[in-house]
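Because the structure is predicted, anything quoted here is derived from the model rather than measured.
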Amino acid sequence: MSNRSLLREASHAGSWYTASGSQLSAQLDGWLSQAQTSKRPARAIIAPHAGYTYCGSCAAHAYKQVDPSVTRRVFILGPSHHVALSRCALSTVDIYRTPLYDLHIDQKVYGDLWKTGMFERMSLQTDEDEHSIEMHLPYTAKTMESHKDDLTIVPVLVGALSESKEQEFGKLFSKYLADPTNLFVISSDFCHWGQRFRYTYYDESQGEIYRSIENLDKMGMGIIEQLDPVQFSNYLKKYHNTICGRHPIGVLLNAATELQKNGVNMSFSFLNYAQSSQCRSWQDSSVSYAAGALVVH
């Protein structure tokens, strides 16, 4: 066995979520028990990646739609927060640690993706600094625990893709999205509002600022539910809504569009929406969270 680093530590455990496996397990069970099963089995979900105190309960509404008896492989597409990346990147390790149990990267799929020449490698440092993928690992582990021995993951760090690159990656991932044993987890928060995020769009006709934010987010969510990548791009160009996972979402919308062209019937629905706080003045700030699921009929 080579002596290179084969492990990614759960670097945000103890700060963004509890490092205690038993405590974490109980917390996740609690949130999941509050959510309804309405869109199972999900082929893809969109869920937030903030600290669990902020978004744990929202994310549960998406993860509740995952059917562990169907799913065998979980693709996790998260945006890059710390490094400039114009493509997508793959990890260099074999195992992602979580406080619940270790998750194994699917080296066969990784090999196939690498061969396309469309990916770069992220350093271990980048991997461990990034939270957008890690925040989905405990929920993935919890949801899949009844079948954990059959489970592999495919973490993908998504860069600031052009529309044409979103289309290319969408096409590439569409063949994996077509497989019912695969689940796609799309990691994204919604509006980051306030001066600290340099985003203060306000439509006064909506009333309080937080209502304007909700209206703006729900406009985008409605477009995502239409599975329309072009309309989603136009919405972002018009309103510049600070949806941090817009590129992973764009890849999913393009993958879905590709499958629909081939006669696959599917629908996406959002199941929960939340804000970290309610903005009423220009001094306030908030981050929005949304959870939704894609079902193939």
Exercise. Does any non-hydrogen side-chain atom of Gln23 lie less than 4.5 Å from one of Tyr17?
Worked result: no
Exercise. How long is the span from the CE atom in Met144 to the NE2 atom in His147, to the nearest 0.5 Å?
Worked result: 7.0 Å
Exercise. Side chains of Tyr54 and Val287: closer than 4.5 Å at any heavy-atom pair?
Worked result: no
For this session: For side chain to side chain contact (heavy atoms under 4.5 Å, CB included), just list the numbers for Met221 and Phe190, CA-CA rounded to whole Å, side-chain angles, deciding distance to a tenth of an Å, and then say yes or no.
Result: CA-CA 9 Å; Met221 290 157 65; Phe190 275 72; 3.8 Å; yes
Problem set entry | Shortest non-hydrogen contact from Ser285 toward Arg196 | OG-NE, 3.0 Å
For this session: Could you please spell out the steps behind the ring pair (Phe, Tyr, Trp, His ring centres under 6.0 Å) verdict for Tyr239 and Tyr201?
Result: CA-CA 8 Å; Tyr239 296 102; Tyr201 171 86; 5.7 Å; yes
Exercise. Judged by atom type as modelled, is there a donor-acceptor pair below 3.5 Å linking the side chain of Thr257 to the main-chain atoms of Leu253?
Worked result: yes
Problem set entry | N/O donor-acceptor pair under 3.5 Å between Asn182 side chain and Tyr176 backbone | yes
Exercise. Atom CG in Leu124, atom OG1 in Thr92: separation rounded to 0.5 Å?
Worked result: 5.5 Å
Exercise. Do Glu128 and Arg8 sit within salt-bridge range, that is, some charged N less than 4.0 Å from a carboxylate O?
Worked result: no
Problem set entry | Residues forming a side chain to side chain donor-acceptor pair (under 3.5 Å) with His12, sequence neighbours excluded | Glu134
Problem set entry | Point-to-point distance, once rounded to the nearest 0.5 Å, from OG1 of Thr242 to CG of Leu236 | 10.0 Å
For this session: Report the C-alpha distance between Leu259 and Met266 in whole Å, list the side-chain angles of each, state the deciding distance to 0.1 Å, and finish with yes or no for side chain to side chain contact (heavy atoms under 4.5 Å, CB included).
Result: CA-CA 9 Å; Leu259 290 188; Met266 53 181 80; 3.6 Å; yes
Exercise. So do the side chains of Thr126 and Leu157 get within less than 4.5 Å of each other, counting heavy atoms only?
Worked result: yes
Problem set entry | Asp284 side chain to Tyr210 side chain, donor-acceptor N/O pair below 3.5 angstrom | no
Exercise. Do Ser20 and Thr18 have side-chain atoms, one donor and one acceptor, less than 3.5 Å apart?
Worked result: no
For this session: Kindly indicate whether a cation-pi arrangement holds for Lys142 with Tyr63, taking the cut-offs as under 6.0 Å to the six-membered ring centre and within 45° of the axis.
Result: no
Exercise. Would Phe232 and Ile243 satisfy side chain to side chain contact (heavy atoms under 4.5 Å, CB included), going step by step from the backbone distance to the final call?
Worked result: CA-CA 11 Å; Phe232 187 59; Ile243 301 172; 4.3 Å; yes
Exercise. In the single-linkage hydrophobic clustering (I, L, V, M, F, W, Y; side-chain heavy atoms under 4.5 Å), do Tyr289 and Leu137 co-cluster?
Worked result: no
For this session: Locate the shortest heavy-atom distance separating Ser188 from Arg246; write the atom from each residue and the value.
Result: OG-N, 4.3 Å
For this session: Please determine, by modelled atom types, if Thr152 and His104 share a side-chain donor-acceptor pair under 3.5 angstrom.
Result: no
Problem set entry | Nearest-0.5 Å distance that lies between atom OG in Ser57 and atom CG in Asn272 | 6.5 Å
Problem set entry | Worked check of side chain to side chain contact (heavy atoms under 4.5 Å, CB included) between Leu100 and Glu145 | CA-CA 9 Å; Leu100 303 178; Glu145 66 188 345; 5.6 Å; no
Exercise. Is there a donor in the side chain of Asp203 and an acceptor in the side chain of Ser212, or the other way round, less than 3.5 Å apart?
Worked result: no
For this session: Look at the side chain of Tyr235 and the backbone N and O of Leu216, then say whether any donor-acceptor pair between them is shorter than 3.5 Å.
Result: yes
Problem set entry | Main-chain N/O of Pro68 paired to Thr71 side chain as donor or acceptor, under 3.5 Å | no
Exercise. Going by heavy atoms in the side chains, are Trp16 and His131 under 4.5 Å from each other?
Worked result: yes
Exercise. Judged by atom type as modelled, is there a donor-acceptor pair below 3.5 Å linking the side chain of Glu225 to the main-chain atoms of Phe270?
Worked result: yes
For this session: Begin from the C-alpha positions of Glu258 and Lys261 and carry the test salt bridge (Lys or Arg N to Asp or Glu O under 4.0 Å) through to its verdict.
Result: CA-CA 5 Å; Glu258 189 64 25; Lys261 272 192 233 161; 3.3 Å; yes
Problem set entry | Test item: Leu172 and Met118 side chains (from C-beta on) under 4.5 Å apart, heavy atoms | yes
For this session: Report yes or no: does Tyr52 contribute a side-chain atom to a donor-acceptor pair with the main-chain N or O of Met135 at less than 3.5 Å?
Result: yes
Exercise. Do Glu9 and Leu7 come within less than 4.5 Å of each other through their side chains, counting heavy atoms only?
Worked result: yes
For this session: Flag yes if Val70 and Val185 sit in one hydrophobic cluster, no otherwise; membership is Ile, Leu, Val, Met, Phe, Trp, Tyr, and two members link when side-chain heavy atoms are under 4.5 Å apart.
Result: no
Seminar exercise, completed: Here the gap from Ile46 atom CD1 to Ser269 atom OG, rounded to the nearest 0.5 Å, amounts to 10.5 Å
Exercise. If we only count heavy atoms from C-beta on, is the Leu294 to Ile45 side-chain gap below 4.5 Å?
Worked result: no
Exercise. Honestly curious: do Val295 and Phe75 fall in one hydrophobic cluster under the side-chain, below-4.5 Å linking rule?
Worked result: no
For this session: Kindly say whether Ser80 contributes a backbone atom to a donor-acceptor pair with the side chain of His82 at under 3.5 angstrom?
Result: no
Problem set entry | Side-chain donor-acceptor contact under 3.5 Å, Ser25 with Ser22 | no
Problem set entry | Donor-acceptor side-chain pairing of Ser38 and Gln36 below 3.5 angstrom | no
Seminar exercise, completed: Shortest non-hydrogen pair, Pro229 vs Leu227, comes out as CD-O, 3.4 Å
For this session: Kindly indicate whether the side chain of Asn234, heavy atoms from C-beta on, has any atom under 4.5 Å from the side chain of Ile223.
Result: no
Problem set entry | Minimum-distance pair of heavy atoms, taken over all atoms of Val93 and Ile105 | O-CD1, 3.4 Å
Exercise. Okay, side chain of His247, backbone of Ala160: is any donor-acceptor separation there less than 3.5 Å?
Worked result: no
For this session: Write down the atom of Ala50, the atom of Asp189, and the distance for their closest heavy-atom approach.
Result: N-OD1, 3.8 Å
Problem set entry | Arg43 (side chain) donor-acceptor with Ala178 (main chain) under 3.5 angstrom | yes
Exercise. Does Arg211 CZ have over 12 foreign heavy atoms under 6.0 Å away?
Worked result: no
Exercise. Taking atom types as modelled and ignoring hydrogens, do the side chains of Tyr273 and Asp217 form a donor-acceptor contact shorter than 3.5 angstrom?
Worked result: yes
Exercise. What is the minimum heavy-atom distance between Pro248 and Gly78, and which atoms define it?
Worked result: CG-C, 4.0 Å
Exercise. OG1/Thr98 to CG/Asp102 distance, rounded to the nearest 0.5 angstrom?
Worked result: 7.0 Å
Exercise. Would Trp114 and Met122 show up in the same hydrophobic cluster when neighbours are defined by side-chain heavy atoms closer than 4.5 Å?
Worked result: yes
Problem set entry | ring pair (Phe, Tyr, Trp, His ring centres under 6.0 Å) assessment of His49 paired with His81 | CA-CA 12 Å; His49 54 236; His81 286 87; 5.0 Å; yes
Exercise. Just by modelled atom types, is the Val154 backbone N or O under 3.5 Å from a matching donor or acceptor in the Arg73 side chain?
Worked result: no
